[in-house]
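Because only heavy atoms are used, hydrogens play no part in the values below, and waters and symmetry mates are left out as well, while side chains stay in. Since this is a predicted model, take the numbers as computed values, not measurements.
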Amino acid sequence: MVVGGGPAGRAAAAACSDTGLEVVLVDPAPRRVWPHTYGAWRDELPAAIPGPALASVVDRMVLHGTDQHEWHRPYAVLDNTALWKHLWRHDVVEITGRAQAAEHGPTGSTVVLKDGRRIAAAVVVDATGAARALSGGRPAHTSAQQSAVGWVVSAAAAEPFCGPGEGVFMDWRPAPQTRGGWPTFLYAVHVGPDQVLLEETSLARRPALPLALLRRRLAGRLAEAGVTESERLAEERVRFPVDDPLPRPGRVIPFGAAGGFVHPASGFSVAASLQRAPWLAAAISATLPSGPAVAARAAWSILWPPRAVSGHVLRHRALQALLSLPPEQVPEFFELFFRLDARHRAAFLAAEDDPAGTAAAMSALFASAPWRIRRRLALGGLTVGHPQARHGLGGS
């Protein structure tokens, strides 16, 4: 049983079905097409994702800080309807309902729905996103969250910010109306042949910046370029945690955002879910004859080997360092990141948790930072691999 019908849940259900497992998918609205915009580096999407499932692909992403940088790496935005159809399987049984608990026995598990129905399965996968409905629920602490408000406008209206054949990964340049307070940036991507999403984004903050504030900042930024609300075709609102700890391994297998796949520096998780769904299915299929508890342990081991756990910890350490910076130093921090070699940027932002690549990127950024930022980063925990950080500033 897969609980949750978002991209991660659909990918898990499809992969398990493809291995010959009987699959039930439970979701409050299983036929709903996902409302949010999902982007990913093209080279991180599985080769099996068909061309029609990509709403757009651009050859380069622009980054604006103190200077302008171009990252010549193809970037894709997913077509949610086409991806949903690609992941739909006729033999996956869909149940409309909301799961609230799971009970486990030696031969399987029973999921209890909010309306009282009880559904038995051998193995349960929790793909309920940030709710983590069957994986312990929300952590007790206040989460660091990414929040954003975006307008979809015509490509012509968006041209002052995002030209043909390119996207904007981060534009930290403040418009007069956005100055002051916690810094935000503009993210801009093509979401169709003649439409662009312009999104005012707070990368990570505890507590999250209010969506109403982000909307005002976006409207002010766009108005200065002559883009008014009358040109808005649609609006997107986003808020989700980026610092959730890994759920503990157990009889329920957390997957996708529920399983810690959200990258703390970018908020991306869909590419990781699409990559890892076949691993999940293979582990369950190969070990289920030995019992459901064995299958759950095998799936966890495949998804989170020690190497991946180490990379996850390092990236969360970097997030804590970022959150420790005063507002005026956040854009400068990302200017340092933009200046890193492309290999360091790619390693740090990769869907795969690579501790060696992450540590090398963190060390390179620390080495290039001025002392006023180094001190903040060291106090915040970004000290991996740099001797001056370990000894000169007392970090660890």
Side-chain angles (χ1 to χ4, degrees), residues 6-8 10-11 14-15 33-64 68-88 146 148 150-171 185-201 203 233-234 236 238 256-257 261-263 265-278 337-338 340-352:
R10 281 284 170 189
V33 175
W34 315 304
H36 296 127
T37 301
Y38 302 114
W41 301 108
R42 181 67 182 90
D43 55 22
E44 290 187 342
L45 292 172
I49 300 300
L54 306 179
S56 71
V57 180
V58 296
D59 293 330
R60 66 185 183 277
M61 293 296 280
V62 178
L63 309 109
H64 293 288
Q68 177 175 316
H69 309 265
E70 290 190 357
W71 197 350
H72 291 271
R73 184 183 183 189
Y75 187 85
V77 172
L78 294 163
D79 182 310
N80 290 355
T81 300
L83 181 63
W84 190 99
K85 291 178 179 178
H86 171 68
L87 297 175
W88 182 83
Q146 182 174 132
W151 290 357
V152 176
V153 301
S154 69
E159 198 153 341
F161 303 97
C162 180
E166 69 179 19
V168 178
F169 196 61
M170 292 180 177
D171 185 347
F185 62 88
L186 185 74
Y187 168 75
V189 289
H190 293 263
V191 294
D194 192 41
Q195 294 184 353
V196 173
L197 172 67
L198 302 173
E199 198 158 69
E200 194 73 24
T201 305
L203 185 65
L233 305 175
E236 176 175 81
V238 177
F261 290 10
V262 175
H263 195 298
S266 66
F268 292 176
S269 66
V270 173
S273 298
L274 295 172
Q275 283 181 3
R276 299 175 191 180
F337 180 77
F338 299 158
L340 294 178
D341 289 347
R343 62 187 174 90
H344 286 319
R345 282 180 268 146
F348 188 79
L349 293 176
E352 180 184 2

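For Val57 against Ala76, the heavy-atom pair with the smallest separation is CG2-CB, 4.0 Å.
Note: Tyr75 OH to Glu166 CD = 14.0 Å, rounded to the nearest 0.5 Å. Between the NE2 atom in His64 and the CE atom in Met170 there is a gap of 13.0 Å [rounded to 0.5 Å].
Taking the side chain as every heavy atom from C-beta outward, Val77 and His190 never approach each other to under 4.5 Å. With a 4.5 Å cut-off on side-chain heavy atoms, Val270 and Trp34 do not count as touching. Between Leu54 and Leu45 the shortest side-chain heavy-atom distance falls below 4.5 Å. Under the 4.5 Å side-chain criterion, counting only non-hydrogen atoms from C-beta, Leu186 is not in contact with Glu199. Side-chain contact between Phe185 and Leu63 is absent, with no heavy-atom pair separated by less than 4.5 Å.
Residue pairs meeting the salt bridge (charged side-chain N to carboxylate O under 4.0 Å, His left out) criterion with at least one partner in residues 44-55, sequence neighbours excluded, are Glu44-Arg73. Listed by first and then second residue, the salt bridge (charged side-chain N to carboxylate O under 4.0 Å, His left out) pairs involving residues 265-276 are Arg276-Asp353 (not counting sequence neighbours). Sorted by first and then second residue, the salt bridge (charged side-chain N to carboxylate O under 4.0 Å, His left out) pairs involving residues 74-88 (not counting sequence neighbours) form an empty list.
Ring geometry, Tyr38 versus His36: the interplanar angle exceeds 60°, so the pair is classed perpendicular (tilted spans 30 to 60°).
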